Structure formats: C-alpha cells, structure tokens
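These notes concern the structure reproduced below.
Small disclaimer: the values here were computed from a predicted structure and weren't measured. Every number for a ligand or one of its atoms is a count from 1 in the order of the listing.
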Amino acid sequence: MLLVTGGAGYIGSHFVKEYLSKPGSEVVVVDNLIEGHRRALHSLGDELTKRIHLIEADIADERTVADAMERYYVDSVMHFAGFCYVGDSEAEPSRYFENNVAGSLKLFKVMDALGVKKLVFSSSCATYGDPQYAPLDELHPQNPVSVYGLTKYLIEQALWSYGRTKNWSTVCLRYFNAAGADESGLIGESHEPETHLIPRVLKAAKGEIDHLEVFGDDYETDDGTCIRDYVHVNDLADAHIRALDLLNVKTYSEAINLGTADGASVKRVIDLSKEVTGRDIKVKYSKRRPGDVAKLVANCSKAKELLGWQPKYDLRKTIETAWNWEQNRRY
Ligand code: UFG
C-alpha cells in the first residue's frame, strides 16, 4: 500500500486522482488539513473517495503514522506534505524548520523503524539558489538562498543518508513552478492567502482583485520581468507515478528536475491569460520582491531519460485549466 503525505494538498490531490485511475488501487493519505482540503478528496467522487483512507494527522505524529503504516501494510511513501512559500519561510523560519524538516525526520524515523524503504519526495528548484547558468540541470550546485529552499535541501540530504546507511530507494523531484488544475475542474489550486502568479493573474481577470501587482520590470530579461518555468500539476502527478515505478524496479538515490524547459516572463503569462480569458487584466508595476531571481528554467533531460517523462501541457493549456478551475472553484 502507498502512503501519501499531504495528499489533500494542491499537488498531492492531483497525484491521488491520477494514482487511483488504476482500477482497484487504494491509498492512505496522511494530511493535517492545515493547507490541504478535505473537499479536494471528496470532490473526486464516491468511487474514488472510497479508495482513499484519509487520516487527519500531522506527519510528526509518530504513533498515528506508525499505526497507519502497520494497519495498511504500507511499503512506499509519497511525501508531499510541507509548507511551500518562500516569503513565509523567511518571515517564520522556525515554523518551516519544524514542519518541513523536523516533521520529515519523524516520518523517516517511523519508516526506518518499520522497514519502509521507498520514498518519492517533493523537492524544489529553490534548493539551487541563485542560478549560475540556465537552464538548470541537476548538477547545478545547491546553495539555497531561502529558508524554504534550505528545508527542502536538508530533507534531500537526510534521504541520501538513509540511502547510504539503510539502503533506502528514493527519488527527489525538484519541481519548478507548479501550476494549472485538473481538466475535470474538480480539483485545483487553493491557497490562503494566494501569492502565486497564475492564480493571482486570473483573480484579476475575474475582478476578484482590482489589479495584478508585477514585482519588478527592471530584470535582465527581454521584457524586464522575471522568467519562470510553469509546469502543469498533472504532469507532476504523472512524473510521481513514474518515479514510484522506478523504485519498484531497483534501488535509486536520485534527484530529478521537473519543468517544461520553456521559460515564461510575467508579462507573457499576463498576455496569454488575457487571450485565454478574453478579459482585460489591470496591471500595476512595483518594485522587486525580495528573494526573486531573474530567471529559473529547468533542463529536464534527466526526467526524460530516467522516467521517460515529458510534459504534456504547454503554458496556454496550463492557464486554460487554471481558468476553468478558477471560475468554478469548489474550495
Ligand atoms: N509575481 C508577480 N506578482 C504576483 C505574484 C508573483 O509579479 O502577484 C511574480 C514573482 O515576482 C515571480 C513570478 O511572478 O517573478 C512567479 O512567482 P510565484 O510567487 O508564482 O512563484 P515563485 O517562483 O516565487 O515560487 C514558486 C513556489 C516555490 C518554489 C518556486 C521555485 O512558490 O515553492 O516557485 O521557483 F520554490
């Protein structure tokens, strides 16, 4: 049985839906529902929901996690749970260290005690820090510049140690900018407050916020705004399934980038969003947001080689699915 931490969260819930598309499959979800949404799992419909064993608990709750692992004969873990905002992590480092690092270490302790050795981890391109070249491959030095990036880096290091000392098989998937929503419109991105670019652009299109604030147009990029690599959440889900398949074949300790290799500026996201929504989007330019770097784009050759993975969604399609969700959100 597979245990999914953070399975009611944005990326976790998209993974759960994809995983359960295999008839008869079941998952155990451990989620404290701080960032995750019970409704995300309930929205999937009765047939899928009945195959999800939701345990409302923190990953740091060793006893509950151990009970779940024993009760359901867990042999692999998908570890999505974690706080994910760079800005918050700088404001509240203790919260991020405690939740992301200490929580993960407790999860690993329980896995170790029960002999569970297979894990796929949601890491981030934020572990690289300021890019020395672009696109970024997995050999780029890791010098995280935010607390958030550091928490992900520390967890990766812990996993390499378990690989070396206890023969664990692990894959750290370093996401670039996760975006979009499931095409069904049943699940999507829902953070409170929402700080990510695409949902904020679409909220401006909807009139839910008056305008989009663009943080800086004086970067050394073609149009002066920051470039990011927006990868669709279902493509991420697909990569997780492939990573899990890999762990079932042999023992790995690997880190793999997940992006599209297609960098898009903030202005390009706004222009495409205007086309997709057919609405005007009011924009105001302000100064740079602390911690932002000019350009983050993935080299995804390793994902293609090792996982046979290629993103299916381009930026337009990603924005279309996000717009579909944004107009009919359920949570
Ligand atoms: N941006 C704006 N206005 C907004 C929101 C964002 O101009 O209202 C800009 C940002 O300055 C940045 C770009 O849009 O240049 C993307 O910003 P996001 O906040 O959407 O995403 P980030 O790149 O800052 O961070 C995201 C995730 C992190 C992850 C990181 C890796 O939140 O978890 O991608 O790049 F580590």
Exercise. Could you check which of K267, K152, R200, R174 puts a non-hydrogen atom nearest to atom 8 (O) of ligand 1?
Key: R200
Quiz item: For atom 16 (C) of ligand 1, what is the nearest protein heavy atom, given as residue, atom name and distance?
Solution: Y230 OH, 3.5 Å
Exercise. Answer yes if the side chains of N299 and D137 hold a donor-acceptor pair under 3.5 Å, and no otherwise.
Key: no
Exercise. Looking only at distances, please establish whether an N/O atom of ligand 1 is found under 3.5 Å from an N/O atom of C125.
Key: no
Quiz item: Do ligand 1 and R289 have nitrogen or oxygen atoms that lie under 3.5 Å from each other?
Solution: yes
Quiz item: Counting heavy atoms only, which part of L212 comes closer than 4.0 Å to ligand 1: side chain, backbone, both or neither?
Solution: side chain
Quiz item: Looking at D238 and K312, does any basic side-chain N land under 4.0 Å from a carboxylate oxygen?
Solution: yes
Quiz item: Is there a heavy atom in Y148 that sits closer than 4.0 Å to ligand 1?
Solution: yes
Quiz item: Any N or O of C84 that comes nearer than 3.5 Å to an N or O of ligand 1?
Solution: yes
Quiz item: Would you say N177 has any N or O atom under 3.5 Å from an N or O of ligand 1, going by distance alone?
Solution: yes
Quiz prompt | Structural part of F83 in contact with ligand 1, heavy atom criterion under 4.0 angstrom | solution = neither
Practice problem: Considering only NZ, NE, NH1 and NH2 on the basic side and carboxylate oxygens on the acidic side, decide whether D292 and R228 come within less than 4.0 Å. | Solution: yes
Quiz item: Is L197 close to ligand 1, meaning an N/O of one under 3.5 Å from an N/O of the other?
Solution: yes
Practice problem: Would you mind checking if E275 and R316 are paired as a salt bridge, meaning a charged N to carboxylate O distance below 4.0 Å? | Solution: yes
Quiz item: Which residue holds the protein heavy atom closest to atom 9 (C) of ligand 1, what is that atom called, and what is the gap in Å?
Solution: V266 CG2, 3.9 Å
Quiz item: Cation over ring, K250 on Y252, under 6.0 Å and within 45°?
Solution: yes
Quiz item: Do NZ/NE/NH1/NH2 and the carboxylate oxygens of D271 and K267 come within less than 4.0 Å?
Solution: no
Exercise. Give a yes or no on whether a salt bridge exists between D217 and R288, defined as a side-chain N under 4.0 angstrom from a carboxylate O.
Key: no
Quiz item: For S124 and ligand 1, does the shortest N/O to N/O distance drop below 3.5 Å?
Solution: no
Quiz item: Can a non-hydrogen atom of Y285 be found less than 4.0 Å from any atom of ligand 1?
Solution: no
Quiz item: Any salt bridge between E194 and R200, counting N to O under 4.0 Å?
Solution: no
